[in-house]
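Remember, it's a predicted structure, so these values are computed and weren't measured experimentally. When a ligand or atom number is given, it counts from 1 through the structure's own listing order. Just so you know, residue 1 is the first one in the sequence shown, and it goes up from there.
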Amino acid sequence: MATAAPLPIPLSQLSRAVTDWVESVRALTQPAGVLWCEGTEAEQRELTSKLIREGELIRLNAEHFPGCHLYRSSPSDVARVEHLTYICTHSKDDAGPNNHWMDPEEAHAKMRELFAGCMRGRTLYVIPYCMGPIDSPLSRCGVEITDSAYVAINMMIMTRAGRAALERIAHDGSFVRGLHSTGELDPNRRFIMHFPEELAIESFGSGYGGNALLGKKCHALRIASWQARTEGWLAEHMLIVGLESPQGETHYIACAFPSACGKTNLAMLIPPASLPGWKVYTVGDDIAWLHPGPDGRLWAINPEAGLFGVVPGTNPQTNRNAYQMIRRDTLFTNVALTADNQPWWEGLTTGIPVTDWQGRPYDPGKGPAAHPNSRFTVSAKRNPSYSPRAEDARGVPISALVFGGRRREVAPLVYEARSWQHGVLVGASVASETTAAAVGQVGVVRRDPMAMQPFCGYNFADYWRHWLTVGAKLSRAPKIFHVNWFRRDAHGKFLWPGYGENLRVLEWVLDRCAGKAGAAESAIGLLPRAEDLDTQGLRIGPESLSALLSVDPALWRKEVTDIRAYLEKYGSRVPPELLAELAVTESRLG
Ligand code: SAT
Ligand code: MN
C-alpha cells in the first residue's frame, strides 16, 4: 500500500517475530501479494479508491455526507456468529460452560485446511495495531493478517494501526496474532477460533464486524480477558464516560450492557435542557480495560480508536452528537439509500429509502430498509463529545461501575450493590433480551454476566473469582450499580424515557459515590426513593416512577431461583462468596 517517500526501515524488517509469522502465513495462504499497513491517511484513501473501483464501496452523497461510503456485506454475513465462535484451551474446563470449546490441535488442523491456498489471487494485508494509546503501559498490541481490504480500512479506523504500533511491538516483543480470511463467505465453512494460551486468533468465512475486525471482540475482550487475569486487570465490555457536574467536578463511570442496548448513546449522552450545566465526555463506547492503580483506584483506558455503532435509531432528536459524528468520513455497512445516494435507516425522520440494505428496490413488505444491525465505522475523534482524557496514557479513574440489561420486568430502574462482593454477584446475574447484534432469535431473555457472555475468553467461574481478587486489591474501589432503561408497563409501553434523561440516574449514582444522595434499603440492594432522584422538568407520572423503583418480592424470589440454577452450571468452581451473597438476598426477600 505504501507509495510515499522511501522509509527509513521497511515495516517488514522492524520485528523479526512478526516477519517470520507473516512469512509462514504467506506460504500457507498463497496470496498474490503482501501489503504492510503504514497507517497513513494517504494509504486509507488509496484503499478506499481501490474498493470503489472494484464496486465494493459506494461513495455517498458528497454534499450531505462528505467522505462517507457504503459497504454491503453478504446477506448471510450480517452479525456475530456465537455458535461458530470457539475458545481452544488445552483443558475444556478452562473455557467453561460459557464457551464453545475445541481442542487446540484439532482446531488448528481444521483451520489449516481452510486457510491452505485461500488467498490465491488476493492481497494479504498485514495490519500491526495497538489497542489503547500508543504510549500507555496499559495498552497491548496485535497484528491482524487479512485478505479483506474492507477489514483493513475498518481496522485502521478502529485501532491505532501501522508503523507506530509495529515499533511498539518490536520494543514489547509480544503481540496477539490474528489471522483472518473471508474465505468464500460460506456459513458452513465459518469459524472464529481463539487460542488464549498462544495469544492467537484464527477467523475464516466471515467479513463482518466482531467476526473479522479481530482487534475488537476477539482480541480486546476474549484474548485480553485471559491476559488480564494473568496480569491482574480486567478487560470488560463497558463504555467509559466522564460526567461534569454544574459545579465543575468530573467523574468517570464505566458501564456494561450487552450489544445493541445503547452503550454508544449513553457514552455520548446529551444532557436534557432541564438539567443545565452538565457536560458529558466520551472516553469509550464499547470496551474498557481496567487496571488497579497505585492509589487503590481503578483506572480505565479505551483500547479502541473508533466506534463501530448500530445505525438504526440514530437521529438529531435521540442523539445529536452521534448524528453529527456520522455526517462525514464515515463507513456505513448495510444501510439503505435514498434516490440521491444519502444513507437511510429506520428512525430517521427525513428522506425516503429507495434501495434497501441488500441493494434491491425498497419494498416495505420485505422488512426494514436498513439491516437492524447496520453499522457505522468512524474515528472517535469525530465525536463532538470526545474526551480530552481519552488519549491519556494513565487512563481515567473510575468512580462507579454500572451493569445493565434490557428487561421488560423484574429489574428496577437502578439499584446499588451492598458491597464489591455483592456487586460481583449483581454483574454475574445480568440478564438481557437478545438483539440483532448476534445471529439468532431476538428478544429472548438470557443470562449475560457482566454483558460478557459472548466475549469472556475463559471459564466464567474463574472470571468471577478474578473480579473478587481485583476488588480486594482496591482500597478505593468504585461502587457498583445496576440499571434498566427498558422496563415496560402492562401495555408494553416503556416506563422510562431513556436517552438524555438517563443522566438523572447517573447523577444519583455519582451523588451516592460522593455520599450526597439518599437511598432506601431493599432485599436486592439500595434504591433511590422518588425524592432522591432529580426529576425537575421530567415528565413522568408518580405511578410510573414508583413502578420503576419497586422490587416485586415474588418476581425476585423466582429471579433468585433462576440465578442459583444458572450459577450451579459452573459447579464447584463458582466462588462461594457469590452464593453467600445470593443467600443474603434470598433471606431478605423472606
Ligand atoms: O459485531 S461487533 O461484535 O463488533 C458489535 C457488537 O456486537 O457489539
Ligand atoms: Mn459491544
Which atoms of ligand 1 have any heavy atom of [X] under 4.0 Å away?
| X | result |
| --- | --- |
| R375 | 5 (C), 6 (C), 7 (O) |
| G210 | 1 (O), 2 (S), 3 (O), 4 (O) |
| K216 | 4 (O) |
| F308 | 1 (O), 4 (O) |
| A437 | 7 (O) |
| S259 | 6 (C), 7 (O), 8 (O) |

query = What about R80: any of its N or O atoms under 3.5 Å from an N or O on ligand 1?
reply = yes

Less than 4.0 Å between a side-chain N and a carboxylate O, is that true for [Y] and [X]?
| X | Y | result |
| --- | --- | --- |
| E231 | R140 | yes |
| K366 | D356 | no |
| R488 | E409 | no |
| R465 | D462 | no |
| E82 | R80 | yes |

key: Of all N/O/S atoms in H237, the name of the one nearest the Mn ion (ligand 2)   =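 Sorting the N, O and S atoms of H237 by distance to the Mn ion (ligand 2) puts NE2 first.
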
Backbone or side-chain N/O/S of K216 under 2.8 Å of the Mn ion (ligand 2) =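 Within the cut-off used here (under 2.8 Å), K216 places no N, O or S atom near the Mn ion (ligand 2).
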
note = the protein heavy atom lying closest to atom 8 (O) of ligand 1 turns out to be K217 NZ, 2.5 Å

query = If you stand at the Mn ion (ligand 2) and look out to OD1 of D286 and NZ of K217, what angle do those two lines make, to 10°?
reply = 120°

Tell me, please, whether [Y] has [X] positioned over its six-membered ring: NZ or CZ under 6.0 Å from the ring centre and within 45 degrees of its axis?
| X | Y | value |
| --- | --- | --- |
| R406 | F486 | yes |
| R222 | F455 | no |
| R389 | Y281 | no |

